[in-house]
Amino acid sequence: MAIKLNDSRLAPFVGKNEVQEMTALVKCAHDLIENKEGAGSDFTGFINLPRDYDREEFEDIKKTAEKIRSDSDVLVVIGIGGSYLGARSAIECVKGIFHNDLNLEDPQIYYVGNNMSADYVNDILALCEGKEVSLNVISKSGTTAEPAIAFRIFRKMLEEKYGKEEAAKRIYCTTDKSRGALRATCEKNGYKTFVIPDDVGGRYSSFTPVGLLPMAVAGMDIDAVMSGAFDAMKDFSVCDLEKNAAYRYAAIRNILYNKGKTIEMYTSYDPRFTSLNEWLKQLYGESEGKDQKGIFPASVVNSTDLHSLGQYIQEGRRDMFESVIHVAKVQNDITIPDDDAESGDGMFFLDSRKLSFVNEKAYQGTVLAHTDGGVPSLSIEMPEINEYEYGYLIYFFEKACAISGYLLGVNPFNQPGVEGYKNNMYALLGKPGYEDLAKELEARIDK
């Protein structure tokens, strides 16, 4: 396997027998997925996607990406939640968080439609000034407020810059195959389109055009991404807690949850994983947080957060466990200079050490301290960061999330709670059909 689950430090918290005693429940969850008999089974298309994806569309993605790379300085990705987090996490993990500044041969990639901050949108518009720009609009329906509004703004910018006909050649839409407002807009204006499969939900869509087109525009090898996902699909298809790390991870999460560990702290030791942490929070928060159940997903990036949240993790409420994404090999290391200037910083014992060595010892020391402090710690160990390993890692988390949701007794593929804020917002904005709700809400606000 490309990654390994290190659960060797769980002995004080979870007995070996407890994991094995989850076998029957895990088998039940496995069968629900394989036989498409579980809640939300219409959205389990991601399970075999690395094998069954549309090859013709995949080649079209690569050709389209090359066109964008040849005629655009900037690609603006418009989407919210799973419509942008998968691609952003991939690009920042593999290409680095400073890829826009360091990879000048690649288009700069910016993300809008994930908030409604006027200042944020104006900043992105400013970054597009004087540059050749293309848009990738990602939405199943085209009616989600944040991306729909952003699309209006950036389409207007594009049409004013190029004219309507030429702007249409720079707008690429990833949407439903045949339905929805965005699909109708594409057909009316002749925009290039890619398809979000009917049986794949947004937060599970990294291996569809939702994630693959921005990855390819950023210069990532999407063949390697899919190769990693395919190998993970094979490795995590066997229903054996000793051999299947994804299933074992799901089982351990639920054992800890049932012991009162209701918060999972996703931890990394490289800022490149910041957006991946956000994707994980969406994947698990939206999949498990329902029916008054669920493990609350949080995240830190160390050693930065050891000087803030680290205090709480070490000595706060004992209601959490941590899952560390640990990378064995860095891409480019740095040797710490000898202190020839005698600065007096007291760090003479680090002369000529590699920075990765120091980071590794920070990881090891922190995990031991947290374990001693009553925080169970798991490590998802990656040999290195590249496209193949990224594809493998994402599939690991997706499959584990599906199993974990069924173990928890919820539908891991819907998100009914998301509609609550939408309905209230639309009512307060005056959307037709929401008049009664608007009156009720306004009365409550006045109080």
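One is the number of the first residue; the rest follow in order along the sequence.
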Practice problem: Give a yes or no on whether the ring-centroid distance for His326 and Tyr363 is below 6.0 angstrom. | Solution: yes
Quiz item: Could you walk me through whether Asp71 and Lys169 pass the salt bridge (charged side-chain N to carboxylate O under 4.0 Å, His left out) check?
Solution: CA-CA 11 Å; Asp71 68 11; Lys169 298 176 183 178; over 6 Å; no
Quiz item: Can you say whether the rings of Tyr249 and Phe397 are parallel (under 30°), tilted (30 to 60°) or perpendicular (over 60°)?
Solution: perpendicular
Quiz item: Phe413 vs Phe46 aromatic rings, parallel, tilted or perpendicular, using cut-offs 30° and 60°?
Solution: tilted
Quiz item: Per the side-chain contact (heavy atoms from CB on, under 4.5 Å) rule, which among Asn254, Ile403, Ile295, Asn258 passes with Leu408?
Solution: Asn254
Exercise. Using the ring of Tyr162 (Phe, Tyr or Trp, six-membered ring only), decide whether Arg170 places NZ or CZ under 6.0 Å from its centre and within 45 degrees of its axis.
Key: yes
Self-check item: Least distance between heavy atoms, Asn244 atom then Val238 atom
Solution: ND2-O, 2.8 Å
Quiz prompt | Derivation of the side-chain contact (heavy atoms from CB on, under 4.5 Å) call for Phe194 and Val210 | solution = CA-CA 8 Å; Phe194 295 95; Val210 170; over 6 Å; no
Practice problem: On the 0 to 90° scale, with breaks at 30° and 60°, tag the Tyr191-Phe151 ring pair as parallel, tilted or perpendicular. | Solution: perpendicular
Practice problem: Over all heavy atoms of both residues, which pair between Pro214 and Pro209 is shortest? Give the atoms and the distance, please. | Solution: CD-O, 3.9 Å
Quiz item: What is the minimum heavy-atom distance between Pro297 and Lys281, and which atoms define it?
Solution: CG-O, 3.6 Å
Exercise. Quick one: sort the Tyr395 and Phe236 rings into parallel, tilted or perpendicular, breaks at 30° and 60°.
Key: parallel
Quiz item: Would Arg88 count as a cation-pi partner of Tyr84, with NZ or CZ less than 6.0 Å from the six-membered ring centre and within 45° of the ring normal?
Solution: no
Quiz item: Just checking, Arg253 and Tyr257: is the charged tip under 6.0 Å from the six-membered ring centre and within 45° of the axis?
Solution: no
Quiz item: Within the side chain of Ser205, is there an N or O that forms a donor-acceptor pair under 3.5 Å with the backbone of Gly202?
Solution: yes
